[in-house]
J.: 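Have a look at this one before I ask anything.
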Number of protein chains: 2
Amino acid sequence: MNQNYNMPTSTEEDYIKAIFKITERNQGTASTNAVAAHLSTSAASVTDMLKRLSEKEYFHYEKYKGVYLTNKGRELATQLIRKHRLWEYFLVEKLNFNWDEVHDIAEQLEHVKSDKLIEKLDSYLDHPKYDPHGDPIPNAEGKFTIRTQISLFNLAVGEEAVVVGVKEHDTPFLQYLDQLKINIGTKLKVISQIDFDHSKEILIDNNSQSVLSHKASTNIYVKKRMFS
Amino acid sequence: MNQNYNMPTSTEEDYIKAIFKITERNQGTASTNAVAAHLSTSAASVTDMLKRLSEKEYFHYEKYKGVYLTNKGRELATQLIRKHRLWEYFLVEKLNFNWDEVHDIAEQLEHVKSDKLIEKLDSYLDHPKYDPHGDPIPNAEGKFTIRTQISLFNLAVGEEAVVVGVKEHDTPFLQYLDQLKINIGTKLKVISQIDFDHSKEILIDNNSQSVLSHKASTNIYVKKRMFS
DNA sequence: AGCCTAATTTAGAATAGCCTAAAAATATTT
DNA sequence: AAATATTTTTAGGCTATTCTAAATTAGGCT
């Protein structure tokens, strides 16, 4: 579907994506307030939009009950995530952007309408499975490659693992990791554990050592063995 | 300038670009009707827009007199053309699009707001000077690399030249050239000239022969010697 | 100098998306 | 179950962009 009469606008796409992200966590339905918070807009605007948009069958909306996506809506959301993550991959791998700089640009690029573009981009990038933050990129059919991963927080003293992703994507956190030379693929080993505040002493790539707070370690996803 | 409060909207950018293109041909000013035709909108909408937009100082507007760009406007238009042509180059050279498919996609991509993006894209593409249709890509300072070129129509019988560009960019014309295996860089030689309708018999890359109509030959730009 | 036509502008209205303030419904506490 | 707090919706309004139809102006022709 390429540039049709009935294409969703960028704003509509943002709503669908927000609903998708919220319903992924909150089993099934998204509240008006949650959507408003996610899009930094008012609850009144959201109600307005939901009423109009629900006619397009991307989701079911019932007054005071919140919304949940239809298959059509879920498909659209998945394709948007696919586009977003492919563009992020492009920006980092090809244009040498840092992983903390790409979100806003990808947010714009994901709204470009052309199926052919995204399929060609995907081929050009050699069908990447994960974006620069380790998040899975759905394929053209919308399937995500699920990976077994645990939070660094759950790694015991003495255990080793490789970084495969991050939970939060905000710039300060990503820059902090850069500083520690922690990136996707970095090998980490838990040296010791401070029970008092749940922080951990970590050996980074058999090289440097750092103490990571509870908050930091829950935000880092690792995998115990590579290629599994 | 990156995503400011006072950024021009996509629509505003389209107006500036239209005015730029019209004033390039029609020494200096663009009429309301010309802008309307260029943007496929009504003259009334254009008047409306011009009145509001002229406050942003991209151009001078005087009732019933048409508009002409200020330096600020000309600079914006040039940057938009830069973005458009760089993206076209990317689409053809990296993603393997055909030269007749890229316009609409580039039209969307050019509105993405990020100075850093376009500079990194430029570096990644190795600072191309011409887009896939042979049109010059302005550099970051807005300077175009001007090339001496003539219309194929002005080539005399027996003369040889290399294709460097096309005047019209519409899909059927470009596909017609593809069919004839005429592209940027193709060597052409005028075999004979039919006085009756000004068509020409052409030898293409020392290979095939075709008759090109007057219309076709005026639409092809060539250069007599390469690298000059 | 006046008329005609084409170009341009004004007037009035529609739509998408947003807002604030007030009202209504739902959820939570007591 | 009543009272209170929270969430959601409605009402009314704003701006950007577009439209059609009507009015105005400019420029050319007699």
Side-chain angles (χ1 to χ4, degrees), chain A residues 3-19 22-23 25-68 73 76 80 107-108 111 113, chain B residues 3-19 22-23 25-68 73 76 80 107-108 111 113:
Chain A
Q3 292 270 70
N4 270 355
Y5 36 95
N6 210 18
M7 285 260 104
T9 65
S10 293
T11 311
E12 290 174 350
E13 291 185 341
D14 289 338
Y15 272 85
I16 308 296
K17 237 181 52 168
I19 295 167
I22 294 160
T23 51
R25 301 206 167 270
N26 304 24
Q27 46 255 1
T29 77
S31 72
T32 304
N33 257 4
V35 176
H38 207 282
L39 296 174
S40 308
T41 183
S42 72
S45 302
V46 173
T47 301
D48 227 55
M49 193 67 171
L50 294 183
K51 272 194 335 203
R52 269 183 303 108
L53 240 187
S54 66
E55 272 154 39
K56 295 202 183 175
E57 318 247 273
Y58 290 114
F59 50 74
H60 291 288
Y61 167 61
E62 214 184 322
K63 266 181 166 195
Y64 298 103
K65 297 264 175 75
V67 285
Y68 61 92
L76 175 57
L80 286 167
E107 204 69 28
Q108 298 180 64
H111 295 301
K113 259 86 177 174
Chain B
Q3 291 270 69
N4 270 357
Y5 36 96
N6 210 17
M7 286 258 103
T9 65
S10 292
T11 312
E12 290 174 351
E13 290 185 341
D14 288 339
Y15 272 86
I16 309 296
K17 237 180 55 168
I19 295 167
I22 294 161
T23 50
R25 301 205 168 272
N26 305 23
Q27 48 254 1
T29 78
S31 72
T32 303
N33 257 4
V35 176
H38 207 281
L39 296 175
S40 308
T41 184
S42 72
S45 303
V46 173
T47 301
D48 231 52
M49 193 67 172
L50 295 183
K51 271 197 332 208
R52 271 183 302 108
L53 241 186
S54 67
E55 271 153 41
K56 296 202 183 174
E57 318 249 89
Y58 290 113
F59 50 72
H60 291 288
Y61 167 60
E62 214 183 324
K63 265 181 163 193
Y64 297 104
K65 296 268 174 71
V67 285
Y68 61 93
L76 175 57
L80 286 167
E107 204 68 30
Q108 298 180 65
H111 294 301
K113 259 87 177 175

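The basis for the numbers below is simple: all heavy atoms, side chains too, and nothing from hydrogens, waters or symmetry mates. Lettering of chains follows the sequences in order, A, B, ..., and the numbering in each one begins at 1.
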J.: Can you see which heavy atom on B:A30 is nearest to which on B:I22, and at what distance?
T.: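 Nearest heavy atoms, B:A30 then B:I22: CB-CG2, 3.7 Å.
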
J.: With a 4.5 Å heavy-atom cut-off, do B:I19 and B:L50 have their side chains touching?
T.: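 Yes, their side chains come closer than 4.5 Å.
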
J.: I'd like to check B:T29 versus B:F59 (side-chain heavy atoms, cut-off strictly below 4.5 Å). Are they in contact?
T.: no

J.: Name the stems with DNA chain D in them: runs of three or more consecutive Watson-Crick or G-U pairs, distances under 3.5 Å?
T.: C:1-30 with D:1-30

J.: Which pairs pass salt bridge (charged side-chain N to carboxylate O under 4.0 Å, His left out) with one or both residues in residues 40-62 of chain A, sequence neighbours excluded?
T.: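 Sorted pair list: A:E12-A:K56, A:E62-A:K65.
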
J.: Flag the pair A:P8 / A:L76 as yes when at least one side-chain heavy-atom distance between them is below 4.5 Å, and no otherwise.
T.: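 A:P8 vs A:L76: side chains touch.
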
J.: Could you tell me whether the side chain of A:T11 reaches within less than 4.5 Å of the side chain of A:M49, counting heavy atoms only?
T.: yes

J.: Please tell me if the side chains of A:T41 and A:Y15 come closer than 4.5 Å, counting only heavy atoms from C-beta onward.
T.: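 Yes, at least one pair of side-chain atoms sits under 4.5 Å.
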
J.: Hey, is the side chain of B:T41 poking within less than 4.0 Å of OP1 or OP2 on D:dC19, counting only N and O atoms?
T.: yes

J.: For nucleotides 5-17 of chain C, just jot down a letter per nucleotide in 5' to 3' order: B, S or -, based on protein non-hydrogen atoms under 4.0 Å.
T.: --SSBB-----SB

J.: Evaluate the side-chain proximity of B:E13 to B:K113: yes if any heavy-atom separation is below 4.5 Å, no if none is.
T.: yes

